[in-house]
Undergrad: 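Quick one: the structure is below, questions incoming.
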Amino acid sequence: MNYWLMKSEPDTYSLETLKREPTGVGSWDGVRNYQARNYLREQRVADQVFFYHSNCAQPGIVGIARIAAEARADPTQFDPQHDQFDPTAKPEQPRWLLTELAYVRDLKRTITLEELKRQPLLAEFALVRKGNRLSVLPVAKAYWDLILQLEA
DNA sequence: GCCAACGTTGGC
DNA sequence: GCCAACGTTGGC
């Protein structure tokens, strides 16, 4: 079992959106960064995910999801109408992937980025390192447990 | 809206 | 292969 943190702008796709998906799962599409894509490729069904809201009034971890389906081609790369259309991607050799997420639960409260930055034990966690921009990143089990302890 | 940090592109 | 220019992310 592996642990991840995935960022989304709540105006675009929030935890609430995932919670309300009629199918019970949401496609994590639109990733157009190679390192983030490579992490998607490593995700396995039942892996746990911190759902992080970015680019909003209170950036932070708002809930937990789990991986419901492993990586497959992201269809938005082939759709000229889509913002994330990639004219260089070929259906016979897809460049971009998506995974499916299932809602697990809301945290009792948002664990803000500001709070995470204040934790000395999280100083090496990629999320709080300067200049981190990855939208999908692995979370060491020790960090996962520590962050969950902040919730109570 | 600003801008630092970082990734990508493309000329050479 | 270098690196300047440009685009994007995302906190503030």
Undergrad: C:dG11, OP1 or OP2 - any side-chain N/O from A:K7 closer than 4.0 Å?
TA: no
Undergrad: If you measure from OH on A:Y143 to CG on A:L127, what distance do you get to the nearest 0.5 Å?
TA: 11.5 Å
Undergrad: Using atom CD of A:Q84 as one end and atom P of C:dT8 as the other, report the distance to the nearest whole Å.
TA: 10 Å
Undergrad: Distance check needed: B:dG7 C1' versus A:W96 CH2, whole Å only.
TA: 10 Å
Undergrad: Strictly below 4.0 Å, heavy-atom distances to any atom of DNA chain B: list the hits from residues 123-139 of chain A, or just say none.
TA: A:K130, A:G131, A:R133
Undergrad: Are any side-chain N or O atoms of A:R37 and backbone N or O atoms of A:R95, one a donor and one an acceptor, separated by less than 3.5 Å?
TA: yes
Undergrad: In whole Å, I'd like the distance from the CG atom of A:L116 to the P atom of C:dG10.
TA: 15 Å
Undergrad: Please determine if A:E115 and A:R109 form a salt bridge, counting it only when a charged side-chain N lies under 4.0 Å from a carboxylate O.
TA: yes
Undergrad: In whole Å, what is the span from the CG atom of A:D11 to the C1' atom of C:dG10?
TA: 13 Å
Undergrad: Check the pair A:D145, A:K141 against side chain to side chain contact (heavy atoms under 4.5 Å, CB included), reporting the backbone distance first and the verdict last.
TA: CA-CA 6 Å; A:D145 293 341; A:K141 175 73 158 65; 2.8 Å; yes
Undergrad: Round to the nearest Å and state the distance from A:R32 atom CZ to B:dT9 atom P.
TA: 13 Å
Undergrad: Between A:M6 (CE) and C:dT9 (C1'), how many Å, whole number?
TA: 16 Å
Undergrad: To the nearest Å, how far apart are A:H53 NE2 and C:dG10 P?
TA: 13 Å
Undergrad: Name the residue closer to the 5' end of DNA chain B, choosing between A:N33 and A:N55 according to the nucleotide with the nearest heavy atom.
TA: A:N55
Undergrad: Would a 4.5 Å heavy-atom cut-off, applied to side chains only, mark A:L137 and A:Q35 as touching?
TA: no
Undergrad: Tell me the closest heavy-atom pair linking A:E70 and A:V45, and the distance in Å.
TA: OE2-N, 2.9 Å
Undergrad: What is the distance from CZ of A:R95 to C1' of B:dT9, rounded to the nearest Å?
TA: 12 Å
Undergrad: How close do A:V31 and A:S135 get, counting heavy atoms only, and between which atoms?
TA: CG2-OG, 4.3 Å
Undergrad: Between A:Y52 and C:dG11, does any side-chain N or O lie under 4.0 Å from OP1 or OP2?
TA: yes
